[in-house]
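Right, one structure below, let's go through it.
One is the number of the first residue; the rest follow in order along the sequence. On a predicted model such as this, the values are computed, not experimentally measured, just so you know.
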Amino acid sequence: MERCPWGNANEKMGHYHDTVWGVPERDDRMLFRKLILDLNQAGLSWQTILNKMENFDRAYENFVIENVAAFDEAKIASLLQDAGIIRNRRKIEAAVINAQQALKVQAEFGSFADYLWGFVDFKPLDGKRQTISEVPAKSELSDRIAKDLKRHGFKFVGSTTIYAFLQAVGIINDHLTTCFRYQEVKKLAN
């Protein structure tokens with residue numbers, strides 16, 4: 001069984017590749033969760049985030065958007081003391097701001113999912129990548145979404161972070177065409 005090369009790094013990465021990465025996600029809480037995890041990954045390895053995922057879920061109250069939007073300075077201070085997560089004030093504050101903005105997006109578009117999936121007419125893009133070297137770090141789509149998220153007040157949403165997010169939540173299917181998950185994920189999109 002062949003998989004995307006990065007999925008062979010270790011068992012945890014393989015499990016993430018085989019079960020989560022690239023699956024079309026339309027649940028607002030899960031989309032928000034992934035956005036915040038990707039924001040925290042900036043400058044770090046994804047393995048670091050995977051290793052701390054349960055801690056992130058606990059610390060960010062399972063990423064219930066309304067809860068994170070209500071985090072106050074005392075909660076931020078406690079998160080800065082939590083060794084189980086990334087203790088970066090700017091990233092923690094960005095998560096709170098992004099939750100507040102996600103609530104506004106939900107009010108305007110009906111859901112965070114409708115807002116995001118609307119950029120691709122609600123159908124995943126098929127990367128059709130044959131080699132890992134063909135996978136870009138960003139694209140015109142990630143540029144456009146990053147710019148629009150910033151316009152809506154979101155923080156830490158550069159094009160590279162957004163491209164990784166779009167891949168992870170299945171808005172773009174960037175499993176290599178030789179990967180067993182490529183066709184599986186395509187079928188999930190229909």
Q. Looking only at heavy atoms, which two atoms of Ala146 and Val157 are closest? And how far apart?
A. CB-O, 3.1 Å
Q.
Please report the interatomic distance CZ(Arg3) to CG(Asp18), rounded to the nearest 0.5 Å.
A. 4.0 Å
Q) How are the rings of His175 and Trp21 set relative to one another: parallel (under 30°), tilted (30 to 60°) or perpendicular (over 60°)? A) perpendicular
Q: Check Arg144, Lys150, Arg151 against Asp148 for a salt bridge (charged side-chain N to carboxylate O under 4.0 Å, His left out) and give me the one that passes.
A: Arg151
Q. Counting distance only, does the side-chain N/O of Gln41 pair as donor-acceptor with the main-chain N or O of Leu44 below 3.5 Å?
A. yes
Q | Parallel, tilted or perpendicular: rings of Tyr60 and Phe63 (30°, 60°) | A | parallel
Q: Specify the closest pair of heavy atoms between Ala168 and Tyr16, including all atoms of both residues, with the distance to one decimal.
A: CB-OH, 3.7 Å
Q: Using a strict cut-off of less than 4.0 Å between a Lys/Arg side-chain nitrogen and an Asp/Glu carboxylate oxygen, indicate whether Lys186 and Asp126 qualify as a salt bridge.
A: yes
Q. When you measure from the side chain of Thr19 to the backbone N and O of His15, does any donor-acceptor pair fall under 3.5 Å?
A. yes
Q | Straight-line distance of Leu35 CG to Phe156 CZ, nearest 0.5 Å | A | 12.0 Å
Q: Say whether, by atom type as modelled, one donor and one acceptor occur between the side chain of Gln100 and the main chain of Ala69 under 3.5 angstrom.
A: yes
(Q) Does any part of the side chain of Met53, heavy atoms only, come nearer than 4.5 Å to the side chain of Arg33, both counted from C-beta? (A) yes
Q. Is a side-chain N or O of Asp38 found less than 3.5 angstrom from the main chain of Phe165, in a donor-acceptor match?
A. yes
Q) In Å, rounded to the nearest 0.5 Å, how long is the span from CD of Gln167 to CG of Leu125? A) 11.5 Å
Q) Once you round to the nearest 0.5 Å, how far does CG of Leu80 lie from CG of Asn88? A) 8.5 Å
Q: Apply the test side chain to side chain donor-acceptor pair (under 3.5 Å) to residues Tyr163 and Asp174: give CA-CA distance (whole Å), side-chain angles for both, the deciding distance (0.1 Å), then the verdict.
A: CA-CA 10 Å; Tyr163 193 83; Asp174 263 350; 2.5 Å; yes
Q.
With rounding to the nearest 0.5 angstrom, report the CZ to CD1 distance, Arg26 to Ile171.
A. 8.5 Å
Q) Do side-chain atoms of Asn40 reach the backbone of Ile36 as a donor and acceptor pair under 3.5 angstrom? A) yes
Q: Let me see the working for Gln101 and Ile97 under side-chain contact (heavy atoms from CB on, under 4.5 Å), right down to the final yes or no.
A: CA-CA 6 Å; Gln101 303 310 47; Ile97 291 167; 4.1 Å; yes
Q. Within a reach of under 6.0 Å around CD of Glu140, are more than 12 heavy atoms found that belong to other residues, nucleotides or ligands?
A. yes
Q: Would you check if Glu184 and Lys187 make a side-chain contact, meaning some heavy-atom pair closer than 4.5 Å?
A: no
Q. To the nearest 0.5 Å, what is the distance between CZ (Arg181) and SG (Cys4)?
A. 10.0 Å
Q. What pair of heavy atoms forms the shortest contact from Gly170 to Pro124, and how long is it?
A. O-CB, 3.2 Å
Q: Taking the six-membered ring of Trp46 (Phe, Tyr or Trp), confirm whether the NZ or CZ of Lys34 is under 6.0 Å from its centre and within 45° of its axis.
A: yes
**Q.** Any donor-acceptor N/O pair, Asn55 side chain to Gly84 backbone, under 3.5 Å
**A.** yes
Q.
Please tell me whether Leu39 and Phe56 are part of a single hydrophobic cluster in this structure, the criterion being side-chain heavy atoms less than 4.5 Å apart.
A. yes
Q. Can you find a pair of side-chain heavy atoms, one from Asn173 and one from Lys128, that are under 4.5 Å apart?
A. no
Q) Should Gln130 and Leu176 count as side-chain neighbours, where that means a heavy-atom distance under 4.5 Å? A) no
Q) Would a distance-only check, ignoring hydrogens and angles, find a side-chain to backbone donor-acceptor pair under 3.5 Å from Lys91 to Ala42? A) yes
**Q.** Donor-acceptor contact below 3.5 Å, side chain Asp28 vs main chain Ala113
**A.** yes
Q) Is the cationic atom of Lys75 (NZ for Lys, CZ for Arg) positioned less than 6.0 Å from the six-membered ring centroid of Phe71 and within 45 degrees of its normal? A) yes
Q) So do Thr160 and Lys138 actually touch side chain to side chain, heavy atoms under 4.5 Å? A) yes
Q. Which atoms form the tightest heavy-atom contact between Trp6 and Met13, and what is the distance?
A. O-CG, 3.4 Å
Q | Heavy-atom pair of closest approach, residues Phe32 and Asn98 | A | CE1-C, 3.9 Å
Q.
Looking at Glu73, I want to see if its CD is surrounded by more than 12 non-hydrogen atoms of other residues, nucleotides or ligands under 6.0 Å.
A. yes
Q | Taking every non-hydrogen atom, the tightest pair across Arg89 and Ile76 | A | NH1-CG2, 3.7 Å
Q. Going through the distances and angles, do Asn8 and His17 end up as a side-chain contact (heavy atoms from CB on, under 4.5 Å)?
A. CA-CA 9 Å; Asn8 294 319; His17 170 277; over 6 Å; no
Q) Counting only N and O atoms by type, is there a donor-acceptor contact under 3.5 Å from the side chain of Asp121 to the main-chain atoms of Lys123? A) no
